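Below, all heavy atoms of this structure are taken into account, side chains as well, without hydrogens, waters or symmetry copies. Model, not experiment: these values are computed from the prediction.
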Amino acid sequence: MRRYDVIVLGGGHAGIEAAIAASRAGAVRVALVSSSAATIGQMSCNPAVGGVAKGTLVREVDALGGIMGRATDRAAIQFRMLNRGKGPAVWAPRAQCDRALYRAAARELVETREGLDIVEATVGSVEIGPGGDATGVRTLDGTRIAARSVVVATGTFLRGRIFIGTECQSPGGRAGEQPATELALQLTELGLKVGRFKTGTPPRIDGRTVALHTLERQDSEMDAFAYRWSRLEHPVTPREQAPCWLTWAGEPTKQIVTENIGKSAMYGGAIGARGPRYCPSIEDKIVRFPDAPRHQVFLEPEGLDTAEMYVNGLSTSLPVAVQADMLRSVPGLERVEMTRPGYAIEYDYLPPTDLHPWLESKTIPGLYFAGQVNGTTGYEEAAAQGVVAGLNAALRVRDREPIILGRETSYIGVLVDDLVSKGVDEPYRLFTSRSEFRLTVRHDNAVRRMSSIGERMGLYDDRERRLIDERLAREDDLLARAGSISVPPASVAALLAAAGSTPLPHAMHASEVARRVAVPLGDVLRAVGEPVPADREALLSADLEIKYAGYFARERAAAQRLRQMGAYRLDQDAAYASMRSLSIESREKLERHRPPTLAQAASIPGISPSDLQNLILETERRRNAGSRAADT
């Protein structure tokens with residue numbers, strides 16, 4: 001029987017990051033078990049990484065040693081900075097990837113990680129020891145693999161079922177791959193609760209059959225930003241960039257979908273599960289927004305060595321023939337050839353409220369869950385959970401306390417806290433609006449926020465530590481120089497006039513000048529002949545710290561208060577039902593969720609500030625009573 005410290009089930013984004021994180025956090029032997037080693041790192045849906053809030057997740061995963069950012073740097077064929085119409089504090093990076101290059105990069109990064117083995121097998125069950133802990137897995141061929149921690153990151157494979165129309169359906173975790181039915185049934189037999197969700201994907205088309213000259217072209221912004229995702233590697237030379245194309249599904253498309261809505265798996269009764277609200281199928285769009293005159297459609301390249309395109313915006317579960325008619329009703333696609341139809345997939349997920357904030361099962365110690373199996377949607381959300389589950393699976397092996405990332409530290413903290421505290425009634429997607437700290441928790445300062453955690457956990461090698469130190473030193477140097485350099489009025493007169501700002505009444509420090517709207521710190525330094533680093537991100541971070549210092553100070557004070565609440569531990573055997581000073585609703589929710597900290601209690605909907613204050617009093621009263629009894 002083979003033995004490992006940590007076993008990870010699933011080679012998707014959650015599984016990859018869980019395995020890498022566990023290895024970095026001290027698990028000497030890690031097994032990544034996948035039914036198909038060839039599909040490790042597969043981008044099952046859209047070949048893109050990042051976006052609003054999601055881009056920040058990717059940078060946080062990278063700052064904790066994950067590989068999503070590294071793989072994206074090697075595979076990116078288009079880059080866009082979203083939210084450009086707003087302030088730079090809420091800009092959001094997004095990259096279009098070459099699907100094959102991303103998979104190859106992810107596979108290489110996994111294979112070259114020392115102590116991490118890829119095991120090609122299908123797992124049928126989790127082994128449970130005499131004490132009720134997870135002790136390993138058993139594959140369908142009867143092979144037993146032992147471990148002290150097991151991470152389930154099976155995506156949509158738990159009892160997955162694929163639908164194309166109401167008549168065509170088959171078992172599948174992804175097109176062409178069998179589901180994990182036996183494992184799903186065993187998890188239910190172990191007493192774990194299970195729900196069903198639905199997701200989908202659009203058809204793919206032959207780009208050579210698209211009238212591209214009639215469509216709106218969207219080019220890469222890579223040259224303008226020279227952006228790179230990973231700060232733990234030296235910059236890589238950007239690949240050839242490719243455009244995307246914009247069109248619209250209008251009235252003809254709407255008519256085809258409306259006439260055939262009963263043939264859709266979702267609306268024809270074949271699927272009863274809830275789908276993602278923020279990534280709806282074209283059927284959902286037309287039913288929910290009947291008055292919308294048209295819906296945006298992006299044609300995105302699948303890679304540099306293929307003509308195939310991903311039709312972003314037309315996710316569907318209609319029959320194949322209807323999909324072909326629907327595609328040809330879209331401007332620019334009148335003669336298009338479909339290479340692969342879209343489909344819907346229904347799968348099992350486990351309610352995340354049954355997990356601790358470190359993503360370990362409350363029912364089975366040593367069993368962790370990460371990714372879509374927790375009711376989320378999106379590569380980035382999956383990767384973030386993988387990091388949390390992998391780190392904590394390794395910490396358990398080392399007999400160390402689990403790590404909980406607070407909402408004030410990261411978007412990863414917001415994501416996990418939302419899942420375990422509030423649960424899900426539809427596939428969860430992260431947005432900036434979910435964070436109370438979105439000004440100070442940004443993509444550009446992820447390394448500064450997260451590296452102290454990574455350093456404490458020993459996640460970096462010497463080269464990575466040096467790259468982090470150099471990045472932070474550049475920003476610190478900029479801030480120090482900006483606070484000491486004197487700027488004569490004449491040197492920035494033209495710059496201020498172009499920005500519509502009043503002239504300087506007298507010499508000021510560069511930081512005071514850069515506080516003005518539309519006056520970048522880099523331009524101020526250049527105006528007085530000071531050197532400006534080539535590291536645009538360090539420059540952006542320093543500029544934002546100067547411009548929004550007052551806002552940041554208030555937000556960081558609020559974060560410190562939440563951090564203090566996170567440090568206040570609650571008793572896991574607390575008798576909430578007898579705490580009469582709390583509302584009945586609070587008693588019921590605390591009894592059900594049993595949060596480990598006051599901060600976790602505060603994030604549960606319905607727990608009021610007065611209840612939190614009374615909870616502290618009740619906890620201290622019981623602890624004092626326990627101390628007196630022990631003394632007696």
| query | Do Asp73 and Ser230 get their side chains close enough for a donor-acceptor pair, meaning under 3.5 Å? | reply | no

- prompt: Between the side chain of Arg442 and the main-chain N/O of Val90, is any donor-acceptor distance below 3.5 Å?
  reply: no

*State, yes or no, whether a side-chain contact exists between Leu355 and Phe369 at a heavy-atom distance under 4.5 Å.*
yes

For the residue pair Tyr102 and His13, is the inter-centroid distance of their aromatic rings smaller than 6.0 Å?
yes

The reported gap from CD1 in Ile16 to CZ in Arg107 (rounded to nearest 0.5 angstrom) is 10.0 Å

Any side-chain heavy-atom pair from Met450 and Arg59 closer than 4.5 angstrom?
-> no

If you measure from the Lys or Arg side-chain nitrogens to the Asp or Glu carboxylate oxygens, is any gap between Glu585 and Lys589 under 4.0 Å? yes

- Establish, from distance only, whether the side-chain atoms of Gln385 and Asn374 form a donor-acceptor pair under 3.5 Å. yes

Between the CD1 atom in Ile256 and the CE atom in Met326, the distance rounded to the nearest 0.5 Å is 8.5 Å

Sub-4.5 Å side-chain heavy-atom contact between Val287 and Tyr267: yes

* Any side-chain donor-acceptor pair under 3.5 Å between Gln241 and Gln78? -> no

Across all chains, not counting sequence neighbours, the side chain to side chain contact (heavy atoms under 4.5 Å, CB included) partners of Ala180 are Phe157, Leu158, Leu183

>> Do the side chains of Glu308 and Arg204 get close enough for a salt bridge, i.e. N-O under 4.0 angstrom?
In response: no

The salt bridge (charged side-chain N to carboxylate O under 4.0 Å, His left out) partner of Arg94 among Glu380, Glu221, Glu300 is Glu300

Q | Under 3.5 Å: donor-acceptor pair, side chain of Tyr310, backbone of Pro301 | A | no

Should the pair Arg429-Glu381 be classified as a salt bridge under the 4.0 Å nitrogen-to-oxygen rule? no

### Query
Just checking, is any N or O donor in the side chain of Thr247 or Glu216 under 3.5 Å from an acceptor N or O on the other one?
no

Would Arg70 and Trp229 count as a cation-pi pair here, with the cationic atom under 6.0 angstrom from the ring centre and within 45° of the axis?
no

In terms of the angle between their ring planes, are Phe225 and Trp91 parallel, tilted or perpendicular, with boundaries placed at 30° and 60°? perpendicular

**Request:** Give a yes or no on whether Glu334 atom CD has more than 12 heavy-atom contacts from other residues, nucleotides or ligands under 6.0 Å away.
**Result:** yes

In this structure, CG of Leu101 is separated from OG1 of Thr72 (nearest 0.5 Å) by 11.5 Å

One should read off an interatomic distance between Ile345 CD1 and Ile162 CD1, to the nearest 0.5 angstrom, of 5.0 Å

* Can we say Lys362 and Asp354 salt-bridge, meaning some charged N sits less than 4.0 Å from an Asp/Glu carboxylate O? -> no

Output for pair (Arg328 CZ, Thr209 OG1), nearest 0.5 Å, gives 8.0 Å

Just by distance, do the side chain of Ser361 and the backbone of Leu367 share a donor-acceptor pair under 3.5 Å? no

With Glu346 as partner, the option from Arg159, Arg274, Arg196, Lys198 fulfilling salt bridge (charged side-chain N to carboxylate O under 4.0 Å, His left out) is Arg196

Check: Does NZ or CZ of Arg434 come closer than 6.0 Å to the centre of the six-membered ring of Tyr428, within 45° of the ring's axis?
Finding: yes

Item to check | Test: Arg277 and Glu426 ion pair at under 4.0 Å | outcome: yes

**Item:** Charged N-O contact under 4.0 Å between Lys254 and Glu283
**Value:** no

Per side-chain contact (heavy atoms from CB on, under 4.5 Å), Leu314 is matched among Ile205, Val297, Thr201 by Val297

State whether a side-chain donor-acceptor pair under 3.5 Å links Arg294 with Gln296. no

Is it the case that the side chain of Glu120 and the backbone of Ala37 share a donor-acceptor pair, with hydrogens and angles ignored and the cut-off at 3.5 Å? yes

In the structure I gave you, are the side-chain heavy atoms of Ile404 and Asn392 within less than 4.5 Å of one another anywhere?
no

